[in-house]
Amino acid sequence: MTSGSDHSEDSDQVLSRIDSTVPHSARMWNHWLGGKDNYEVDRAAGDQIRQLHPGILDYARADRAFLGRAVRHLGQDAGIRQFLDIGTGLPTADNTHEVAQRVAPESRIVYVDNDPLVLTHARALLTSTSEGATDYVEADLHDPESILREATRTLDLGKPTAIMLLGIVMFVADTDRARSIIRTLVDAVPSGSYLVLSHTITAPGLTDVDEAVRFWNSVGTPKLHQRTPEEVATFFDGMDLLEPGVVSCSRWRPEPSPFGGEPEEPEEPEEPEEVAFYCGVARKP
């Protein structure tokens, strides 16, 4: 693996840019997923958010499981061999390249994030098969042109590519700006490419979610912006949404549980519980 856009910066310089006094979203997410790449300040804030809204653990797990199902579908059924994963977060089990290269070892993946702690771990953990390639770019979603420029070191953007935006667009405050960023990214790839996106939502009856977000924004960085399911759906405008459309991450093509054995008689599978984290996958026509 190559290290992306920061070839000249050594690990001490990278670590010096990490602020361990302020909770950070990537590190809190890592804590909720059971990881160890976080600080006491992240654990304290994350635990407070869990008290306000215990379902946050379900969000984290549902979003991660959605990533695996979406990547597997795109690799197995859609023939996608290139993935641009923006806002990758801290590496954990079944990262995009692991799922994609399990399906097709020649898959090429570029990860993008702007957290220096993610950078230190990306260099060490995001490896690749010999047939494929994995790279890391340190860049900000607010600068999509830079992301695309750096990604071309590893990806051929003239070929169908999956643009992955899981749990990252919610850190763009202005919805019109978010749409413009997504449009810039999608416009850069050809017909047959895909957009994979997930986003926290707000809706009637989710007061505990709203309260948890308010607390997050009072103590952590970057600030999180909820949107309605209808607003999230507009990010796919002009594309062909795959079934089942824009839904809770837990309900995007759920897979049977491996536990509990086979029922004696066929039963209609129970629909998973909703989480206030919605997602979709769409094909560029």
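Keep in mind that this is a model prediction, so the values were computed, not measured. Excluded from the calculations below are hydrogen atoms, water molecules and symmetry mates; all remaining heavy atoms, backbone and side chain alike, are included.
Between Thr207 and Glu211, every side-chain heavy-atom pair lies at or beyond the 4.5 Å cut-off. The shortest side-chain heavy-atom distance between Asp113 and Tyr136 falls under the 4.5 Å cut-off. At a threshold of 4.5 Å between non-hydrogen side-chain atoms, the residues Phe171 and Asp140 do not count as touching. Using a 4.5 Å heavy-atom threshold, the side chains of His31 and Asp47 count as touching. For the pair Gln226/Val209, a side-chain contact is recorded, criterion being any heavy-atom separation below 4.5 Å from C-beta on.
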Mind running side chain to side chain donor-acceptor pair (under 3.5 Å) on His97 and Asp85 for me, showing each step along the way?
-> CA-CA 9 Å; His97 74 287; Asp85 186 341; over 6 Å; no
Checking side chain to side chain contact (heavy atoms under 4.5 Å, CB included) for the pair Leu185/Leu141: CA distance, chi angles, key distance, verdict?
-> CA-CA 10 Å; Leu185 293 167; Leu141 179 61; 4.2 Å; yes
Stepwise, does the side chain to side chain contact (heavy atoms under 4.5 Å, CB included) test hold for Val189 with Gln82?
-> CA-CA 11 Å; Val189 293; Gln82 298 193 131; over 6 Å; no
How far apart are the C-alpha atoms of Arg227 and Val169, what are their side-chain angles, what is the distance that settles it, and do they pass the side chain to side chain contact (heavy atoms under 4.5 Å, CB included) test?
-> CA-CA 10 Å; Arg227 294 185 170 95; Val169 177; 4.2 Å; yes
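Checked against Trp32 for a side chain to side chain contact (heavy atoms under 4.5 Å, CB included), the options Asn38, Ile49, Asp42 give a single hit: Ile49. The only option from Met164, Arg283, Met239 that meets the side chain to side chain contact (heavy atoms under 4.5 Å, CB included) definition with Tyr194 turns out to be Arg283. Of the candidates Val110, Thr154, Val137, Leu84 forms a side chain to side chain contact (heavy atoms under 4.5 Å, CB included) with just one, namely Val110.
In this structure, Ile109 and Ala100 approach most closely via the heavy-atom pair CD1-CB, 4.2 Å.
Annotation: Lys223, atom NZ; neighbour count of heavy atoms from other residues, nucleotides and ligands within 6.0 Å is above 12. Counting non-hydrogen atoms of other residues, nucleotides and ligands closer than 6.0 Å to CD of Glu273 gives a total of 12 or fewer.
Judged purely by distance below 3.5 Å, without hydrogens or angles, the side chains of Asp210 and Thr202 pair a donor atom with an acceptor atom.
A salt bridge is defined here as a Lys NZ or Arg NE, NH1 or NH2 lying under 4.0 Å from an Asp or Glu carboxylate O, and Asp94 with Arg102 meets this definition. Remark: Arg69 does not engage Glu255 in a salt bridge, criterion side-chain N to carboxylate O under 4.0 Å.
Under a hydrophobic clustering in which Ile, Leu, Val, Met, Phe, Trp and Tyr are joined whenever their side-chain heavy atoms come within less than 4.5 Å, directly or via other members, Val219 and Trp216 fall into the same cluster. No continuous path of ILVMFWY side-chain contacts below 4.5 Å connects Val196 to Val103, so the two sit in separate hydrophobic clusters.
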